[in-house]
2 protein chains.
Amino acid sequence: MAAAEEPGVAAVERALSLLAAWREGEAALSLAELAARTGLYKSTILRLLASLERFRCVQRRPDGQWALGPMLFRWGMLYQRGLRLDAILPPALRRLADESGESATFWVREGGQRLCLFRADSPRAVRDHLLPGELLPLEQGAGGRVLLAFAAGPPPPGTDPVVVTLGERDPDMAALAAPVFGGGGALAGALALSGPRARLAPLAEALKPALAAAAAALTRRLGGDLG
Amino acid sequence: MAAAEEPGVAAVERALSLLAAWREGEAALSLAELAARTGLYKSTILRLLASLERFRCVQRRPDGQWALGPMLFRWGMLYQRGLRLDAILPPALRRLADESGESATFWVREGGQRLCLFRADSPRAVRDHLLPGELLPLEQGAGGRVLLAFAAGPPPPGTDPVVVTLGERDPDMAALAAPVFGGGGALAGALALSGPRARLAPLAEALKPALAAAAAALTRRLGGDLG
DNA sequence: CCTGATGTTCTGCGCAACAGAACGGCGTTC
DNA sequence: GAACGCCGTTCTGTTGCGCAGAACATCAGG
């Protein structure tokens, strides 16, 4: 990375591109696969992995394959808890999922995407499949639309804060979402319910008040109604 | 890092030492604080942060302070789910915590330490405080002792698999733990109950069968009884 | 207004890190 | 058993990357 270009450290970016090679559901990757996915030379990868391993960001398995390491989990938890939502959100999401019968998710905005920060799956066997840590576009789905629509703060009183979308991200799914505000009226995230379209679409209007109430309760707990 | 020393990439290790600067409960750190904690020059830190920011491992706040970034959360979740325990453990821990009244934790061994991978807090207000992502020594506490004692695989039938410790890690706490085995009889982790010593110590013997049964049920679900 | 602390920018120089070849091991096929 | 292809490991000459650290700008507090 020439000084005339964007600042940074090329070796660090090579190491991070390695970490970015893992995908959902992959426990371990071989050296050859890492080379194929990153375009880096195997000797370069081995040197980078040595440092990542020393800091416990990757670990080498007995069969020679490489897995992500525990320090990423630790830092990921520090990130999540640094948002100061971990004490409040999991029980609130669990309650909402149990009472509504659908999956409850809390989305936060990260740049041009939304990140699934907390999740309580529906008690039902048929439900949408979504995992904490997943990053999705803002433009699709109720959660993303709420993060866009309410970025500037709380709407005027009397405005319906709940957004409903049918089949935007997946044709068979539906979702509702409402904004949650934190201190100073800043948007903290979007509280969403989601599930199969056939089951959720007929119930969407009926679920709006409960979702709006749950989001408002979270807003109050976060001090978002004081701004 | 001279070639004669351990292999690796010094710039990468500097960047990782930056990420390691954050501690529990710290949402953001200033440049000066990062310099104080790592001993790196501020110009060096800024270059490293530029790369970390580009890969979304840190983010700069409007006030100029630096926070850990969402990609760490994503990779942390990939690490956790790569262990293939996420579908099974959270509900099992919740059940165990609700039935026993104490906090339930799943520990995995990472090198010479144990990592809190999943956690269900006790429903009671007075409980020990422990968070996913925390790393603790193996030599202290029931969870750690189990990871040491059963590293070689399942014990002979008839052996009591539950370890009880009183006040080892914290004088006011007590814990019980039992091993959980995965495919091929390999130790997957330790299932633990923990809480205030005054409350848990009198109940420890009575809780052993339930904990052993829960651990055995997890072992069966993971195929650990087939090896 | 002054001071101290913090954050930002710049650059010469040294060596860190890379590219990529060569090699060994292993599994598969004939 | 030999040959082949793929994977992982080791080595090294060269160069441009990345650092140290000084200088500077900004800001908050007294």
Side-chain angles (χ1 to χ4, degrees), chain A residues 1-23 26-69 82 183-184, chain B residues 1-23 25-69 82 184:
Chain A
M1 191 146 302
E5 297 175 7
E6 299 191 67
V9 179
V12 172
E13 304 202 3
R14 284 193 191 91
L16 297 175
S17 75
L18 271 182
L19 294 178
W22 271 267
R23 298 173 189 149
E26 292 174 337
L29 296 173
S30 66
L31 177 63
E33 182 62 26
L34 285 170
R37 290 189 187 186
T38 60
L40 297 168
Y41 284 99
K42 289 181 287 182
S43 56
T44 299
I45 292 172
L46 283 174
R47 264 183 299 102
L48 295 167
L49 287 173
S51 293
L52 289 168
E53 186 180 22
R54 186 169 302 126
F55 276 75
R56 306 169 79 189
C57 295
V58 298
Q59 46 199 152
R60 180 181 178 141
R61 297 213 168 163
D63 66 355
Q65 294 222 326
W66 294 88
L68 292 174
Chain B
M1 191 144 305
E5 298 175 4
E6 299 192 66
V9 179
V12 171
E13 304 201 3
R14 285 194 190 88
L16 297 175
S17 74
L18 270 182
L19 294 178
W22 272 267
R23 298 173 190 150
E26 294 175 336
L29 297 174
S30 65
L31 177 62
E33 184 60 25
L34 286 169
R37 291 188 187 186
T38 61
L40 297 168
Y41 283 98
K42 290 179 288 181
S43 56
T44 299
I45 293 172
L46 282 174
R47 265 184 298 104
L48 296 166
L49 286 174
S51 292
L52 289 168
E53 185 178 23
R54 185 169 302 127
F55 277 75
R56 307 169 78 189
C57 295
V58 299
Q59 47 199 151
R60 179 176 179 147
R61 293 199 168 179
D63 66 356
Q65 295 224 324
W66 293 88
L68 292 173

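Numbers restart at 1 for each chain; the letters A, B, ... are given by sequence-line order, proteins then strands.
Look at CD on B:E13: it is 15 Å from C1' on D:dG18, rounded to the nearest Å. Rounded to whole angstrom, the span from the CG atom of B:L29 across to the P atom of C:dT6 amounts to 13 Å. Remark: C1' of D:dG18 and CZ of A:R14 are 12 Å apart, rounded to the nearest angstrom. Rounded to whole Å, the distance from CG on B:L40 to C1' on D:dA20 is 11 Å. Note: CG (B:L34) to P (C:dT6) measures 12 Å, nearest angstrom. One interatomic measurement links the two molecules: CD1 of B:I45 to C1' of D:dA20, which rounds to 13 Å at whole-angstrom precision.
A distance of 13.0 Å separates CZ of A:R56 from CG of B:L16, quoted to the nearest 0.5 Å. Distance check: A:T38 OG1 to A:L29 CG gives 10.5 Å after rounding to the nearest 0.5 Å. With rounding to the nearest 0.5 angstrom, the OG1 atom of B:T44 is 10.5 Å from the CG atom of B:L49.
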**Q.** Test log, rule side-chain contact (heavy atoms from CB on, under 4.5 Å), inputs A:L19 and B:C57
**A.** CA-CA 11 Å; A:L19 294 178; B:C57 295; over 6 Å; no

Q: Decide yes or no on side-chain contact (heavy atoms from CB on, under 4.5 Å) for A:L48 and A:L40, but give the supporting numbers first.
A: CA-CA 10 Å; A:L48 295 167; A:L40 297 168; 4.1 Å; yes

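For residues 57-66 of chain B, the pairs satisfying side-chain hydrogen bond (donor to acceptor under 3.5 Å, both in side chains) are A:E110-B:Q59, with sequence neighbours left out.
Counting heavy atoms from C-beta on, the side chains of A:L46 and A:Y41 never come closer than 4.5 Å. The side-chain heavy atoms of B:R23 and B:R37, taken from C-beta on, include a pair separated by under 4.5 Å. Using a 4.5 Å heavy-atom cutoff, the side chains of A:L18 and A:V58 are not in contact.
Put simply, B:Y41 has no side-chain N or O that comes within less than 4.0 Å of OP1 or OP2 on D:dA20. Side-chain N/O atoms of B:T44 include none lying less than 4.0 angstrom from OP1 or OP2 on D:dG18.
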Q) Tell me, for nucleotides 24-30 of chain D in 5' to 3' order, what letter each nucleotide earns: B for a base near a protein heavy atom under 4.0 Å, S for only sugar-phosphate near one, - for neither? A) -------

Q. Which letters describe nucleotides 4-13 of chain D, given B = protein heavy atom under 4.0 Å from base, S = only from sugar-phosphate, - = neither?
A. ---SBBBB--

